[in-house]
**Student:** 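Encoded as structure tokens, here's the structure I'll be asking about.
Just so we're clear, the structure is a prediction, and the values are computed from it rather than from any experiment.
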Amino acid sequence: MSHDFTKILKERNRIMDATTWVSHRDYRLFKGNRLACIDTEAGNIITFGGTIADHGTYKHLPEDFKLGVDATTWVYGKDYRLFRGRRLVCIDTEDGNSVTFDGKIADHNTYKNLPEDFKLDIDATTWVSHRDYRLFKGDHLVCIDTTNGNAITYDGRIADHGTYENLPKEFKLGVDATTWVSGKDYRLFRGRRLVCIDTENGNSVTFDGKIADHGTYKNLSSFWTS
């Protein structure tokens, strides 16, 4: 089966487009032009529920990005990145959320060594550390070391990377969104399903079920979970 056909099938059942963990008090979820923010220190209450365009962080985004994104990641400090198709936008969150880059993924230095198909679009991304920045497309995973000339340290199947060895087989074929919540809690979304990995305990799976059945997401409307 071709990657394009696999992606079409997956998109039909896609629930979550992207997620960003800013802090315990600000966990963000994207779906279409909608954004939800969760405060995980206050009973997982929803602190924002509206359009991307109406949230202050995104006021300077290009109009098409306000309609939806494919993936997002907080790289470090003030550098917040959003992907849509082959395009990348970077926001400086300490300078009025100004846009510092708006162009092709291929034209940003971080991604210069990516395989060509990753420069066209990605499904999800996770910033683990400066030495371990991960991007997903279909069943393919690429890891970048941003401290070493953005060298590719892994280029292969999700299934063959140690972090994901215990994932359900469907998740090894591709994910919709990923986020490192805090410390050892790493979460991956596919359709209405969520898998959580404990990266300090042999990458064991600590949750495998519906998004709606996980406590963090209990206050979300069904729009977000089904």
Side-chain angles (χ1 to χ4, degrees), residues 1-11 14 16-21 28 30 32-33 52 57-95 97-161 163-164 173-180 188-190:
M1 183 181 292
S2 71
H3 168 74
D4 288 342
F5 185 61
T6 302
K7 185 169 184 179
I8 289 169
L9 290 177
K10 185 160 72 73
E11 290 288 345
R14 191 176 181 121
M16 203 73 66
D17 289 336
T19 64
T20 299
W21 179 265
R28 303 182 188 182
F30 298 79
N33 72 340
I52 297 170
T57 302
Y58 311 104
K59 61 185 178 181
H60 299 305
L61 278 182
E63 292 304 312
D64 55 334
F65 275 67
K66 293 176 182 177
L67 298 177
V69 296
D70 298 333
T72 67
T73 191
W74 213 291
V75 174
Y76 54 86
K78 62 182 183 177
D79 186 1
Y80 183 25
R81 303 182 185 180
L82 302 99
F83 298 79
R84 181 183 171 95
R86 67 182 63 204
R87 195 161 156 212
L88 167 70
V89 169
C90 302
I91 297 174
D92 183 339
T93 60
E94 294 181 3
D95 184 28
N97 299 303
S98 59
V99 172
T100 58
F101 181 90
D102 178 1
K104 293 179 180 178
I105 297 170
D107 292 336
H108 190 288
N109 190 55
T110 302
Y111 311 103
K112 63 183 180 181
N113 298 317
L114 280 179
E116 290 305 312
D117 60 331
F118 275 67
K119 295 176 181 177
L120 298 178
D121 60 61
I122 63 170
D123 293 335
T125 179
T126 300
W127 177 267
V128 181
S129 70
H130 291 283
R131 306 204 68 166
D132 189 0
Y133 177 27
R134 304 181 187 181
L135 300 102
F136 300 77
K137 182 168 184 173
D139 65 354
H140 192 176
L141 169 69
V142 170
C143 302
I144 299 173
D145 181 347
T146 64
T147 69
N148 185 28
N150 297 304
I152 304 298
T153 57
Y154 181 87
D155 180 358
R157 299 191 307 159
I158 296 171
D160 293 334
H161 189 286
T163 302
Y164 310 104
L173 297 177
V175 295
D176 299 334
T178 69
T179 192
W180 213 292
L188 303 99
F189 299 80
R190 181 184 171 97

**Student:** Which atom pair, heavy atoms only, marks the closest approach of I158 to G138?
**Tutor:**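 Scanning both residues completely, I find the closest heavy atoms to be CD1-O, 3.5 Å.
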**Student:** Do the ring centers of F65 and F30 come within less than 6.0 Å of each other?
**Tutor:**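 No, the ring of F65 stays outside the 6.0 Å limit from the ring of F30, centre to centre.
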**Student:** Side-chain donor-acceptor pair under 3.5 Å between R28 and T57, yes or no?
**Tutor:**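 Side chains of R28 and T57: pair found under 3.5 Å.
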**Student:** Give the minimum heavy-atom separation between H140 and D117, together with the two atoms involved.
**Tutor:**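 Minimum heavy-atom separation between H140 and D117: ND1-OD2, 4.2 Å.
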**Student:** So which heavy atom on A71 is nearest to which on D123, and how close?
**Tutor:**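 Between these two residues, the closest heavy atoms are CB-O, 4.1 Å.
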**Student:** Salt bridge (Lys or Arg N to Asp or Glu O under 4.0 Å) between K137 and D121: does it pass, once the steps are laid out?
**Tutor:** CA-CA 8 Å; K137 182 168 184 173; D121 60 61; 3.2 Å; yes
**Student:** Looking at every heavy atom in both A124 and V175, which two are closest together, and how far apart are they?
**Tutor:**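 Reported closest heavy-atom pair: CB-CG2, 4.1 Å.
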**Student:** So, taking the atom named OG1 in T178 and the one named CE in M16, what distance separates them when rounded to the nearest 0.5 Å?
**Tutor:**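 If we round to the nearest 0.5 Å, T178:OG1 and M16:CE are 12.0 Å apart.
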**Student:** Do L135 and Y111 touch side chain to side chain, with heavy atoms closer than 4.5 Å?
**Tutor:**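 They are in side-chain contact.
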**Student:** N150 and side-chain contact (heavy atoms from CB on, under 4.5 Å): which single residue from T147, T146, I152 fits?
**Tutor:**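 Going through T147, T146, I152 one by one, the side-chain contact (heavy atoms from CB on, under 4.5 Å) with N150 is satisfied by T146 alone.
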**Student:** If I take atom OG1 from residue T100 and atom NZ from residue K78, how far apart are they, to the nearest 0.5 angstrom?
**Tutor:**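 NZ of K78 is found 8.5 Å from OG1 of T100.
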**Student:** For D79, what residues pass the side-chain contact (heavy atoms from CB on, under 4.5 Å) criterion, not counting sequence neighbours?
**Tutor:**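 V75, R81, C90.
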**Student:** Verify the ring-centre separation between F83 and F118: is it less than 6.0 angstrom?
**Tutor:**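 No.
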**Student:** Scan I122, D155, I105 and name whichever one has a side-chain contact (heavy atoms from CB on, under 4.5 Å) with L114.
**Tutor:**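 Testing each of I122, D155, I105 against L114, the sole residue satisfying side-chain contact (heavy atoms from CB on, under 4.5 Å) is I105.
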**Student:** Applying side chain to side chain contact (heavy atoms under 4.5 Å, CB included) to F136 and Y164, what does each step give before you reach the verdict?
**Tutor:** CA-CA 12 Å; F136 300 77; Y164 310 104; 3.3 Å; yes
**Student:** Going by heavy atoms in the side chains, are Y154 and I144 under 4.5 Å from each other?
**Tutor:**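 A side-chain contact under 4.5 Å is absent here.
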**Student:** Just by distance, with hydrogens left out, do R131 and T153 show a side-chain donor and acceptor under 3.5 Å apart?
**Tutor:**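 No donor-acceptor contact under 3.5 Å links the two side chains.
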**Student:** Are a donor atom and an acceptor atom from the side chains of S129 and D132 found within less than 3.5 Å of each other?
**Tutor:**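 Per modelled atom types, S129 and D132 side chains form no pair under 3.5 Å.
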**Student:** With a 6.0 Å cut-off (strictly less than), is the heavy-atom count around NZ of K112, excluding the residue itself, greater than 12?
**Tutor:**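 Result for NZ/K112: enclosed.
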**Student:** Side chains of D145 and H130: donor-acceptor distance under 3.5 Å anywhere?
**Tutor:**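 Note: D145 and H130 side chains miss the donor-acceptor criterion.
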**Student:** Using the test side-chain hydrogen bond (donor to acceptor under 3.5 Å, both in side chains), find all partners of H108 that sit at least two apart in sequence or belong to another chain.
**Tutor:**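 Result, side-chain hydrogen bond (donor to acceptor under 3.5 Å, both in side chains) vs H108: T110.
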**Student:** Once rounded to the nearest 0.5 Å, what's the spacing between atom NZ of K66 and atom CG of L82?
**Tutor:**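 So the NZ of K66 and the CG of L82 are separated by 12.5 Å.
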**Student:** Would you say I52 and L61 make side-chain contact, with heavy atoms under 4.5 Å?
**Tutor:**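 Yes, side chains in contact.
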**Student:** Do the charged groups of R87 and D102 touch, with an N to O distance under 4.0 Å?
**Tutor:**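 Yes, this pair counts.
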**Student:** Please identify each residue that fulfils side-chain hydrogen bond (donor to acceptor under 3.5 Å, both in side chains) with R84, with sequence neighbours left out.
**Tutor:**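 side-chain hydrogen bond (donor to acceptor under 3.5 Å, both in side chains) list for R84, sorted by chain: empty.
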**Student:** With a 3.5 Å cut-off and no angle check, do the side chains of T73 and Y133 form a donor-acceptor pair?
**Tutor:**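 Note: T73 and Y133 side chains miss the donor-acceptor criterion.
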**Student:** I'd like to know if D139 and R157 make a salt bridge, using a cut-off of under 4.0 Å between side-chain N and carboxylate O.
**Tutor:**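 No salt bridge links D139 with R157.
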**Student:** To the nearest 0.5 Å, what is the distance between OH (Y80) and CG (D92)?
**Tutor:**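 Here the interatomic distance stands at 13.5 Å.
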